[in-house]
Structure formats: structure tokens, C-alpha cells
Amino acid sequence: MRPQRMTDVLDRTDSRPEPGSWHPSMGAPPGLGTREARARVWTHALSDAPDAPRWHPSIAPSADPDGPHRAPSHERVPQRTPPEPRRRNVRPGRPQRRALLLIVATVVALAVLAGRLAQVQWLDRDTYADLGARQGTAQWQIPSVRGAILDRNLNLLAVSDSLPTIWADPRSVRRPHETASVLATVLDIDVDTIAERLGSDRHFVYVARQVSPAEGAAVQELQLPGINVRGEFSRLRPNGDDFARGLLGAVDIDQNPLGGAEKQFADMLDGTDGREVARIAQSGMPLPNGVEFFEPVYHGADVVLTLHTQVQWVAERSLTDAVASTGARSGMAVVLAVETGDVLALAAVRRDADSGEIRPVAYNPAYTDAFEPGSVAKSFTIATALEAGLTSPDDRYSTPTEYAFADKRFIEPYSQVDREMTTTEILVHSSNIGTIQIAERIGETALQQSLRSFGFGSLTGDEDSPALPGESRGILRPANVWQGTDLATIAFGQGMAVTAIQLAAAYNTIANDGIYVTPRLVLGSVGSRGALRPVEPAPARRVLSPQTAAHMAEMLAAVVRDGTGKRAAIRGYHVAGKTGTAQKPSPDGGYSEGDYVSSFAGFLPVGRPELTVVVVLDEPDEYRAGIVAAPVFAEIAEYALRMLQVAPDA
């Protein structure tokens with residue numbers, strides 16, 4: 001093999017493909033295989049000579065820059081040095097100073113952080129704790145239920161119930177007037193009234209409270225934006241709102257007691273609301289095991305009254321009929337169980353002055369309204385004399401038609417002739433003059449003290465606590481202020497004032513063998529366990545001896561059998577009682593000529609008393625009590641005897 005010559009190498013080089021046939025996929029462009037060649041091209045590209053040629057793949061490379069294929073000298077690109085990186089100007093300074101500034105800044109930042117921490121943890125601890133509690137916890141009120149009122153047989157008289165209440169968020173009501181128009185079609189409320197409430201800028205307004213269930217369901221079905229329905233406690237009277245209206249009392253729409261038993265026994269009926277505090281999630285849902293505080297709810301106890309529902313109903317009906325038939329302004333009745341003093345009925349009705357409608361009143365006139373009793377008080381004057389041994393049932397008195405006492409002459413109202421009467425006959429025929437003569441034997445102090453022992457001039461509860469709100473003591477002045485004719489008039493029931501419940505308790509004393517028992521309205525209360533907790537009765541006291549009580553019972557039975565109380569008789573039962581007809585005091589002084597209070601008080605059966613009944617009519621057209629009050633007594637008493645299954649006399 002011949003040695004290879006340089007010309008051969010050059011020939012092979014010239015035989016390489018033309019530049020136009022090169023493609024990037026073939027690798028580096030021809031002539032750029034070495035680092036020096038690529039540097040020349042880069043230098044040439046950076047040349048700022050206007051006529052400097054720039055390399056392109058179509059330009060034939062030179063294998064050797066200094067060889068025969070080197071470009072002419074006028075085409076050479078001068079060498080240009082790449083620019084050096086730009087340097088930042090750094091100001092010289094001492095490292096100690098910079099370190100000190102960094103330390104100071106760090107200390108200040110830590111001091112600010114520590115101060116803020118102290119403020120949050122100590123100075124404003126309670127504020128932030130409350131804020132956190134409000135944001136992370138929720139509180140729920142658990143409403144208590146007011147206790148029910150029951151009669152002596154555990155029948156419901158008043159009970160808490162839930163009724164629909166319509167409320168609105170006015171911000172969510174789009175068209176207040178149109179919404180009001182729709183609501184007015186199902187609620188008994190004026191459109192303008194509803195629209196005014198919906199036009200409020202508050203978050204919550206009542207539209208209608210405690211509507212009927214049908215109205216609540218109708219509103220619920222409407223699905224009106226911003227209108228909502230929720231249940232709300234209300235007081236339900238199963239026997240109607242008028243039944244025992246005065247005795248039961250009432251509560252307002254928020255269940256606050258207003259009067260009667262609802263107010264008197266509120267300490268038993270009222271419950272205690274419960275409360276729960278729990279942690280909640282951001283969504284408002286309670287967290288599991290997140291209860292932080294729980295206070296249990298205590299519902300009110302049920303109160304069991306002594307009232308007998310059927311006897312109360314008959315008493316109200318009989319009084320309503322009597323007021324309507326006699327033209328009276330009002331009437332009231334009391335029925336007591338003799339041995340215990342339990343109030344079985346406490347009825348009161350009144351005629352409306354404008355409409356003439358007669359309906360039960362909303363208070364208890366038997367406890368609150370005092371009146372001059374008239375002749376029903378003669379029983380206590382005579383009982384006082386019998387107890388003191390100053391007279392006997394058969395003692396005889398000369399009773400003229402006129403009698404002078406102090407500076408006044410008294411005229412016998414029901415007798416036209418002078419005659420002689422026994423003590424019993426004085427009571428049977430209701431002689432004023434005979435009663436005055438007996439009172440003269442007693443004297444002012446003894447009579448006043450005796451009347452006090454029967455309960456007149458005092459509350460029927462204890463001395464400081466009324467049995468019902470507004471109870472009256474009546475009027476019985478101390479004996480040391482009596483003067484003139486006071487002894488005479490008080491002896492036959494004028495010049496003093498009593499309540500119907502006082503009168504019933506006094507007659508019940510005679511029926512109860514001479515022992516006074518306080519009239520009671522409550523048997524006890526029933527708690528959550530259903531057991532009756534009886535109320536301790538007030539202590540009883542003896543007022544009359546059994547012998548005096550027996551004499552009085554016989555004399556009062558004669559009043560019904562032979563005297564002014566014949567219309568109080570009941571077939572099959574022996575009845576004892578006394579009529580009372582009293583002139584009403586005039587506002588201008590003295591007594592009215594035409595206005596009377598007519599009453600009848602008595603008990604039965606005579607030999608084994610079970611019931612004491614008092615009936616009072618105010619200003620009847622026919623004022624004689626034997627005609628207007630005695631029949632009402634008989635009607636109420638007869639029905640009560642049957643309801644209590646009291647056997648007739650043999």
C-alpha cells in the first residue's frame with residue numbers, strides 16, 4: 001500500500017457532499033466538528049461589522065482556518081472577547097454592626113409577641129374566653145311544662161297544651177302585601193294588620209299566636225317564603241273557658257298567672273326550665289360528647305283541688321237560671337263538705353249591664369265581695385246565747401211590733417201584732433225584735449268575740465295569707481267602738497259585712513258538731529312520680545259545744561219545716577237553714593229602700609250532715625230570700641246529694 005499523501009486527504013475532503021445536501025438530522029454542520037471551529041462561528045456572529053459575513057449551513061466550511069481554504073484576509077472576522085458578568089457594587093461595612101441590628105430587631109419582635117400573648121392570656125383572658133365560647137359552643141333552653149289543675153276525682157280542669165303560632169322573618173318575605181293577603185284567607189286577622197307586621201325590619205315578628213290546629217296546618221301548607229309555624233304552650237280548659245272561671249283563674253299568653261288558683265298555687269304549678277351548653281362544629285351541629293353543662297328541666301306539679309266538677313257545673317247552671325228569672329244583678333253559691341271543709345263548688349255569675357248576658361265572672365266574689373248578711377246572722381246571735389247559758393230553745397220573749405233601743409225605735413217587718421215567742425220561734429219567724437232582746441242579754445263584747453270565733457272579720461286562710469288572691473276579711477268592728485244601735489243591728493245582721501265563704505264556714509261549724517274547720521281548696525299536689533302529696537289541713541277549733549250545735553240544728557230544721565225557709569225543703573232529706581234579706585247600704589249614707597241582698601244558708605241531712613250550702617242573690621226583683629234564694633239552695637243541694645251518693649233519711 002502506498003503511503004497516503006496530503007493531496008489525497010484534500011481530495012477526499014473535496015469529495016464530501018455539497019453544503020446544500022446537509023440536514024440537521026445529520027449531526028453537526030460540516031466544518032463545525034471541532035470546538036475551535038464552533039468558536040470562530042460564534043465570534044463571527046457577534047461581530048458588529050456591517051459587512052461581516054454570517055455563517056449559514058450553506059456556506060462551505062474550511063477544514064483548516066490557516067490552510068489553503070481559509071477565507072481571504074478581507075473577509076476575516078476580528079476576534080471579540082465575550083463580555084464579563086456585571087458585578088454588584090457592595091458597600092463595605094462592619095459585620096458586628098449588622099449582627100447587632102439583627103439581634104435588636106429579633107428582640108423587639110419577640111417582645112411584641114410576648115406582650116400580645118400576655119394581653120390575650122392574662123389581661124383580656126375573660127373577653128377572649130367568652131368570644132371563644134360563643135363561637136364554639138351553643139346554648140339551648142329546655143322549657144318546662146306548667147302543671148295541670150285537677151278536680152278531687154283527678155279530672156282535668158286546666159292543662160298545658162301546644163298550639164300553632166305563626167311567625168315571620170320579614171327579611172325573607174318578598175312581597176309583604178301579597179303574602180298578607182294570602183294569610184288573611186286562613187287567619188282571622190285583617191290584611192293591613194298582617195302587612196304591617198311583615199313590613200318590619202326585625203328578624204322575628206309574630207303574625208298570630210296560638211291559633212287553632214286547623215289554621216296552623218293551613219298556613220303550613222301554603223309554604224310561603226319567610227312564614228313559619230311552631231308549637232307554643234297554651235292553657236287548655238277541657239270544660240270550657242267559663243267553667244269555674246273565677247276559681248281557676250287565668251294565665252296570659254306567655255303562661256304567666258293572672259289570678260285564681262293559677263296565681264295562688266303558682267309555686268306548685270310553675271316548673272323550672274332546663275339548660276344545656278354544648279360544643280358545636282362550624283356547621284352548627286353538636287359535637288359528639290361535647291356537652292359542657294346540663295341543667296335538668298323540672299316540670300310543674302299538678303294541683304288537685306277539692307272541687308267536684310259535676311256539683312260546680314250544677315251550681316253555675318242553677319245560678320244562671322236564678323239570676324235570669326229573678327232579675328238579679330248577680331249570684332254566688334258555695335258548697336262545702338261538712339267534716340273536712342272541702343270546697344266542692346264555688347260558683348259566681350253576673351249579668352252584663354250592657355248586653356244583659358249572664359255568665360260566670362273572672363274572679364271569686366265568694367271570697368272578695370263582702371255584704372251585710374241580714375237575718376242569716378241571727379243564728380249566731382242565738383247560738384252565742386245558748387252557749388253562754390243565757391237562753392234556751394224554749395225560753396219565751398214578749399215581742400212587740402215596735403221596740404225602742406238606744407235612740408231608735410225598731411219595727412217588726414213580718415208581724416203586725418204583739419206576741420210572745422220562744423227562742424226557737426224567734427229564729428223560725430226571723431223576728432228582729434226578739435233577736436235584739438236576746439242580744440241585750442249577751443252584751444257587746446261577748447257577741448263580738450263570739451262572731452270572731454265563727455270566722456267573721458278574719459281571712460279563711462291563716463291570719464296573714466288569703467286563701468285566694470284578694471280575699472276580704474269582711475267588716476266586724478271591735479266591740480269598744482260600738483255605739484248607739486250597733487248591738488241591735490249587728491245582732492240581726494246589719495252593721496257588719498261578711499263574705500259568702502265566711503258565712504258557709506260559720507254554718508258548717510253548726511253542722512260539724514260545733515267544730516270550725518277552715519274551708520280548703522286544695523287536696524294536694526301530684527309530682528313526676530304520680531303520687532299525691534296531701535296538703536296539711538289547717539287546725540280545727542271548737543266554737544260550740546255538741547249540745548249547743550244539736551239545739552241549733554233542730555231550730556234551723558224548724559225554719560225549713562215551719563218558717564221562712566220552706567222552699568229549701570228536699571224530698572227524702574231533713575234540711576236545716578236560715579233565710580236572710582238585708583237592705584244594701586246607700587252610697588249617700590243609710591240604707592237603700594229598694595235594693596236588697598237575698599240569701600239562704602243551711603246544711604243537710606240534719607241528723608248526719610254531709611253538705612253545707614250558701615246561696616246569695618244581689619238585687620233580685622223579688623227580694624224575699626225564702627222565695628228567690630231558698631229554691632236555688634234546694635236545687636243545688638239535691639243534685640250534690642245524688643252525686644255524692646248520700647242516702648235519704650229513713
Side-chain angles (χ1 to χ4, degrees), residues 372-406 408-444 446-448 450-451 454 485-496 503 506-507 509-510 544-545 547-568 575-583 598-603 606 624-626 629-630:
E372 294 197 1
S375 297
V376 288
K378 293 173 181 175
S379 300
F380 310 111
T381 300
I382 294 173
T384 301
L386 290 173
E387 183 70 14
L390 301 174
T391 191
S392 70
D394 298 325
D395 281 359
R396 305 190 71 83
Y397 295 83
S398 177
T399 55
T401 57
E402 293 186 17
Y403 187 77
F405 183 89
K408 182 176 180 179
R409 294 189 65 84
F410 290 89
I411 300 175
E412 192 70 79
Y414 305 117
S415 178
Q416 304 297 324
V417 297
D418 298 345
R419 61 178 176 171
E420 196 174 78
M421 292 184 181
T422 63
T423 304
T424 300
E425 291 173 334
I426 289 173
L427 188 61
V428 168
H429 299 293
S430 197
S431 170
N432 287 353
I433 292 176
T435 305
I436 294 173
Q437 292 175 340
I438 294 173
E440 288 179 303
R441 297 186 181 185
I442 300 171
E444 295 172 346
L447 181 58
Q448 193 269 349
S450 178
L451 292 175
F454 278 102
T485 60
D486 284 344
L487 176 62
T489 57
I490 290 174
F492 59 72
Q494 302 270 195
M496 62 180 291
L503 191 60
Y507 268 88
T509 300
I510 299 173
L544 301 174
S545 66
Q547 183 180 9
T548 301
H551 285 322
M552 287 301 304
E554 292 175 2
M555 296 165 69
L556 290 169
V559 172
V560 175
R561 185 176 61 250
D562 304 319
T564 58
K566 292 179 180 179
R567 297 194 181 190
V575 179
K578 182 70 181 74
T579 56
T581 304
Q583 285 181 287
S598 301
S599 59
F600 190 94
F603 52 88
V606 173
R624 286 177 293 179

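Excluded from the calculations below are hydrogen atoms, water molecules and symmetry mates; all remaining heavy atoms, backbone and side chain alike, are included.
A side-chain donor-acceptor contact under 3.5 Å links K378 to the backbone of S430. The backbone N or O of S398 lies less than 3.5 Å from a partner atom in the side chain of Q437, making a donor-acceptor pair.
Every pair passing ring pair (Phe, Tyr, Trp, His ring centres under 6.0 Å) that includes a residue from residues 375-396 is listed here, sequence neighbours excluded: F380-F454, F380-F456, F380-Y507. Screening residues 552-565 for salt bridge (charged side-chain N to carboxylate O under 4.0 Å, His left out), with sequence neighbours left out, gives no hits.
Using a 4.5 Å heavy-atom threshold, the side chains of S392 and T423 count as separate. Contact of the D486 side chain with the E444 side chain is not registered, since no non-hydrogen atoms from C-beta on lie closer than 4.5 Å.
Counting all heavy atoms, side chain and backbone alike, A491 lies closest to T435 at O-CG2, 3.4 Å. Contact detail for L556 and S379: the closest heavy-atom pair is CD2-OG, 3.4 Å. Scanning all heavy atoms of the two residues, the minimum distance from A557 to A576 falls at N-CB, 3.7 Å. Across all non-hydrogen atoms, the minimal contact from T401 to Q416 is CG2-C, 3.3 Å. In terms of heavy atoms, V428 sits closest to A558 at CG2-CB, 3.7 Å. The shortest heavy-atom contact between P373 and A582 is C-CB, 3.9 Å.
The structure places CG of D395 at 6.0 Å from CZ of R441, a figure rounded to the nearest 0.5 Å. Going from atom CE of M552 over to atom OG1 of T424 covers 9.0 Å, rounded to the nearest 0.5 Å. If you take CD1 on I426 and CD1 on I438, they are separated by 4.0 Å, rounding to the nearest 0.5 Å. Note that CE of M421 and CG of D418 are 10.0 Å apart. Values are rounded to the nearest 0.5 Å. Taken from CE in M555 to OG1 in T422, the straight-line distance is 7.5 Å, to the nearest 0.5 Å.
By the salt bridge (charged side-chain N to carboxylate O under 4.0 Å, His left out) test, R419 pairs with no residue at all, sequence neighbours left out. When the side-chain contact (heavy atoms from CB on, under 4.5 Å) test is applied to A446, the partners found at least two apart in sequence or on another chain are I442. Residues forming a side chain to side chain donor-acceptor pair (under 3.5 Å) with T564 (at least two apart in sequence, or on another chain): T579. A search for side-chain contact (heavy atoms from CB on, under 4.5 Å) contacts involving E387 returns L544, S545, T548, not counting sequence neighbours. Remark: K408 pairs with F410, T485 by the side-chain contact (heavy atoms from CB on, under 4.5 Å) rule, at least two apart or across chains. Scanning for salt bridge (charged side-chain N to carboxylate O under 4.0 Å, His left out) contacts around R396 gives E420, with sequence neighbours left out. Judged as a side chain to side chain donor-acceptor pair (under 3.5 Å), and not counting sequence neighbours, T581 has no contacts. Qualifying side chain to side chain donor-acceptor pair (under 3.5 Å) partners for E372, counting only residues two or more places apart in sequence or in other chains: Q494, Y591. For Y403, the side chain to side chain donor-acceptor pair (under 3.5 Å) partners at least two apart in sequence or on another chain are E440. Taking P413 as the reference, N432 meet the side-chain contact (heavy atoms from CB on, under 4.5 Å) condition, with sequence neighbours excluded.
Shown are L487, L447, I490, L386; of these, the side chain to side chain contact (heavy atoms under 4.5 Å, CB included) with T381 is made only by L447.
Counting only N and O atoms by type, the side chains of S431 and Y397 include no donor and acceptor under 3.5 Å apart.
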